[in-house]
Amino acid sequence: MDKKENYIVEMLFPERQIQKKIFEIASKISMDYKDKDLVIIAVLNGSFIFCADLVRNLDVRCAIDFIRVSSYIGIESLGSVKIISDFKEELAGKDVLIVEDIVDTGITLDFLINEISLKRPKSIKTCVFLDKKCAHKNEVQVDYSCFEMGDDFVVGYGLDCNGFFRQLPYVGRIKGFHK
Ligand code: IMP
């Protein structure tokens, strides 16, 4: 993709709809984690905006840490996941919630669940902003999701294409750009 060109992004999920949904999901998480020892592990880079909005709507005590992984170049999944920077939080005996931007094949989320379970947490659940259910390669554990969508490549609200478009307050499809 040439960053010098101007691309038209077609709106898929507008800002208002996103904020309403996040409030609903956060309320559910707050109820489910009442009196638990919640540690949120947000997956960078894509989930930085989603996680920031989600945690500000939570009404429970939680620790927040980050893991940075890479599995995509442009719009292509590499099919394998690399940890670029790991979390520091002690997870043994804690209730871990993995916060991810989008589940496509499910390879990344599956990898993270396996990695985190090695730290012997009390429980592991996942919260994803977008779920491309039809693109999952294997069964993948999604406990909370804001929106289900088709197999389109989307940008905005933290999601990028080669590092661009993350700052859009809504989610959209790049016009004329197909997988
Ligand atoms: P998976 O391992 O195939 O499920 O891919 C997960 C990761 O791929 C996400 O965390 C994103 O970084 C990236 N990804 C997958 N689909 C999209 C998309 O439509 N737009 C932007 N990034 C995507």
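Counting starts at 1 for both ligands and their atoms, following the listed order.
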> Under 4.0 Å between a Lys/Arg side-chain N and an Asp/Glu carboxylate O for Asp37 and Arg61?
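A salt bridge links Asp37 with Arg61.
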
> Touching ligand 1 at all, Asp110? Heavy atoms, strictly under 4.0 Å?
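Asp110 does not count as a contact of ligand 1 under the 4.0 Å cut-off.
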
> Please state whether Lys132 comes within less than 4.0 angstrom of ligand 1, counting heavy atoms only.
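Contact check Lys132 vs ligand 1: positive.
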
> Give the atoms of ligand 1, by number and element, whose distance to some non-hydrogen atom of Asp152 is under 4.0 Å.
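Within the 4.0 Å cut-off of Asp152, ligand 1 contributes 19 (O).
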
> Enumerate the atoms of ligand 1 whose separation from the nearest heavy atom of Ile107 is less than 4.0 angstrom.
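Within the 4.0 Å cut-off of Ile107, ligand 1 contributes 2 (O), 4 (O).
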
> Side-chain contact, heavy-atom cut-off 4.5 Å: Val39 with Cys62?
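With C-beta onward as the side chain, the pair stays apart.
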
> Let me know which of Asp86, Ile84, Leu44 forms a side-chain contact (heavy atoms from CB on, under 4.5 Å) with Ile67.
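Testing Ile67 for a side-chain contact (heavy atoms from CB on, under 4.5 Å) against Asp86, Ile84, Leu44 leaves exactly one candidate, Asp86.
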
> Counting from 1, what ligand 1 atoms have a heavy atom of Glu100 closer than 4.0 Å?
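Once the distances to Glu100 are compared, the set is 10 (O).
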
> Pick one: which of Phe50, Phe13, Tyr157 meets side-chain contact (heavy atoms from CB on, under 4.5 Å) with Cys146?
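Going through the options one by one, the only one that passes is Phe50.
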
> Considering the heavy atoms of Asp101, write down every atom of ligand 1 situated less than 4.0 Å from one of them.
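Here the atoms of ligand 1 in question are 9 (C), 10 (O), 11 (C), 12 (O).
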
> Given side chains that start at C-beta, do those of Ile29 and Leu97 come closer than 4.5 Å, heavy atoms only?
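SC-SC contact between Ile29 and Leu97 confirmed.
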
> Any atoms of ligand 1 less than 4.0 Å from a non-hydrogen atom of Leu159? List them with their elements.
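Within the 4.0 Å cut-off of Leu159, ligand 1 contributes 21 (C), 22 (N).
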
> What do you reckon, does Val154 have a nitrogen or oxygen under 3.5 Å from a nitrogen or oxygen of ligand 1?
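It does: an N or O of Val154 is found under 3.5 Å from an N or O of ligand 1.
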
> Would Gly106 count as a polar contact of ligand 1, with the cut-off being nitrogen or oxygen pairs under 3.5 Å?
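N/O-N/O distance below 3.5 Å exists for this pair.
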
> Ignoring hydrogens and angles, tell me if any N or O in the side chain of Ser47 forms a donor-acceptor pair with the backbone of Glu100 under 3.5 Å.
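Pair absent, no side-chain N/O of Ser47 close to backbone of Glu100.
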
> Salt-bridge test for Lys20 and Glu24: reply yes if a basic N is under 4.0 Å from a carboxylate O, no otherwise.
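Salt bridge flag = yes for Glu24 with Lys20.
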
> Does even one non-hydrogen atom of Asp160 get within less than 4.0 Å of ligand 1?
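Asp160: in contact with ligand 1 (<4.0 Å).
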
